[in-house]
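Structure, as structure tokens:
In what follows, chains carry the letters A, B, and so on, assigned in the order in which the sequence lines appear, proteins first and then strands, with residues in each chain numbered from 1.
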Protein chains: 2
Amino acid sequence: MPPLVHRHPLAAQAAEVLLTRIRAGEWALGHKLPGETTLAAQLGVGRSTMREAIRELAGKGVLDSRQGAGVFVTALDVAEDWDAVLRRATVGAVIEARIAIEAEAAALAALRRTPTDLRAIRRALAARALGDPDVEFLVDTDTAFHRTVLVAAHNDVLIELFDSFVPRVHRAMTDMLRARPITAPEEDQAAHLALVDAIADKDASASAELSRAHLTALKEALS
Amino acid sequence: MPPLVHRHPLAAQAAEVLLTRIRAGEWALGHKLPGETTLAAQLGVGRSTMREAIRELAGKGVLDSRQGAGVFVTALDVAEDWDAVLRRATVGAVIEARIAIEAEAAALAALRRTPTDLRAIRRALAARALGDPDVEFLVDTDTAFHRTVLVAAHNDVLIELFDSFVPRVHRAMTDMLRARPITAPEEDQAAHLALVDAIADKDASASAELSRAHLTALKEALS
DNA sequence: ATACCGCACTCCTCAGACAAGTAGACTAGT
DNA sequence: ACTAGTCTACTTGTCTGAGGAGTGCGGTAT
């Protein structure tokens, strides 16, 4: 993973060694590491170099150093890059996850949407309807619309999930639409309008079902 | 968001300033920053302090320094740490996301489960039923059971999401169970058995509904 | 036009010194 | 015996100065 074009500086090597020993469980979660001077002597590097290695791991969120107290372990491993997971996954799997999130979010939105939320949703729907021939524009406005529904659900975790997934699907959608444009734009827009109405009516189950149906169709088209 | 208990060292402050300026677009993606001596003078800190700030951002993947060439911008923003999002979120919001994921996964599991999956699920259910008084054990076996359902759904993204969420809920669950133990263990076990039967019968909607009901009850209990 | 060389600039590493903060031991007072 | 305050050893934080090593540019000779 690290570019082999330039060899690791000592500090980076020291950071690797440290991370390996942390992963091996040499120091438990929250416990203190030996002092900088001790560690530097152990690895045979200067104290400044050791400090830079510690800083690097602190940047990754593995270590935390407190003046006067010491350096402590705050995580046993580096949080796996979320993008990497999505890159590895198939488009179908990603959309299935999107179905899970958006259907639930639609139901919650039906229950929790404020008048302001509803206004934002309707505005986004109108923007979607402009029928611009540009594929990029179409996908963007569609995404924006779906996001307003997520916002209306008032759940930060779901929003964050949505934002993680969208970029992964974005490319697949534009490619598909370029190859096979929407045959019936009015019909597509009507499906979205139905969802908005269900949310306006505070009909949770209908909202979930409409959202699910729409995304399932998308999944069929993309996989 | 960083613990306010201990004030930022100079190096951390310098890193923040640098990150802000990068986000503001002062240096484009892949462009070179001024030398460390220049930057140090600009911010009024020593070189080693500046170096530590750069190392910290390098750990986050924002900067990359090459000896002899300079320091370069490798990312305009830090991919937000998932754990950070979950830590900030309420337990209720996390469980709502879990409902979305597990209900959908239960439905998919009902459609896709292989005989091997079903065996694993039943085995996990049996382990759960041992009725050990230890709360920690109870939560762990319950989590393991739910995970077998996720595995049966055969969707890597959903599994990954589940694994991200569980640690956040784990603590809340153990705390709650210690304060208010399950009154009717048989009933709880029966609810899980019903889910397994629905998956065995390939009844997707019933599986989703049972999973949703179980987690909704959990949400009520925890929030 | 090309190949080579030198040089300025950069990051990398170390050592030493002192400041600032913490946590535990110690002591005095109740 | 317990509490509050002080003291002290140890830790991280910061700065300075020095030299080593790699990169990229421009000049020069071929």
Original post:
Do A/Glu104 and B/Arg212 meet the salt-bridge criterion of a basic N to acidic O distance under 4.0 Å?
Top reply: yes
For residues 21-29 of chain B, dump all side-chain donor-acceptor pairs below 3.5 Å to protein atoms at least two apart in sequence or in another chain.
{"from": "B/Arg21", "atom 1": "NE", "to": "B/Glu26", "atom 2": "OE1", "distance (Å)": "3.0"}
{"from": "B/Arg21", "atom 1": "NE", "to": "B/Glu26", "atom 2": "OE2", "distance (Å)": "3.3"}
{"from": "B/Arg21", "atom 1": "NH1", "to": "B/Gln42", "atom 2": "OE1", "distance (Å)": "3.1"}
{"from": "B/Arg21", "atom 1": "NH2", "to": "B/Glu26", "atom 2": "OE2", "distance (Å)": "2.6"}
{"from": "B/Arg21", "atom 1": "NH2", "to": "B/Gln42", "atom 2": "OE1", "distance (Å)": "3.2"}
{"from": "B/Arg23", "atom 1": "NE", "to": "B/Asp77", "atom 2": "OD1", "distance (Å)": "3.0"}
{"from": "B/Arg23", "atom 1": "NH2", "to": "B/Asp77", "atom 2": "OD1", "distance (Å)": "3.1"}

**OP:** Give the rounded distance in Å between these two atoms: CZ of A/Phe72 and C1' of C/dA23.
**Re:** 10 Å
Original post:
B/Leu43 CG to D/dC15 P: how many Å, rounded?
Top reply: 11 Å
**OP:** Residues of residues 45-56 of chain A with any non-hydrogen atom less than 4.0 angstrom from an atom of DNA chain C: list those, numerically ordered, please.
**Re:** A/Val45, A/Gly46, A/Arg47, A/Ser48, A/Thr49
**OP:** Indicate whether OP1 or OP2 belonging to C/dC12 is found under 4.0 Å from a side-chain N or O atom of B/Ser65.
**Re:** yes
**OP:** Quickly work out the B/Leu63 CG to C/dC12 C1' distance and round it to whole Å.
**Re:** 16 Å
Original post:
Can you list the residues that meet the side-chain contact (heavy atoms from CB on, under 4.5 Å) rule with A/Ala172, with sequence neighbours excluded?
Top reply: A/Val91, A/Leu222
Original post:
Does anything in residues 29-43 of chain A pair up under salt bridge (Lys or Arg N to Asp or Glu O under 4.0 Å), and if so which pairs, sequence neighbours excluded?
Top reply: A/Glu36-A/Arg47, A/Glu36-A/Arg51
Subject >> All pairs passing ring-ring contact (aromatic ring centres under 6.0 Å, His included) where residues 145-164 of chain A contributes a residue, at least two apart >> reply: A/Phe145-A/His192, A/His146-A/His192, A/His146-A/His214
**OP:** Under the salt bridge (charged side-chain N to carboxylate O under 4.0 Å, His left out) rule, collect the residues that match up with B/Asp163, sequence neighbours excluded.
**Re:** B/Arg147
Subject >> Partners meeting side chain to side chain donor-acceptor pair (under 3.5 Å) with B/Arg122 (sequence neighbours left out) >> reply: none
Collect all protein-nucleotide pairs involving nucleotides 6-10 of chain C in which both atoms are nitrogen or oxygen and the distance is under 3.5 Å.
none

**OP:** Report the residues that fulfil side chain to side chain donor-acceptor pair (under 3.5 Å) with A/Thr20, sequence neighbours left out, ordered by chain and then residue number.
**Re:** none
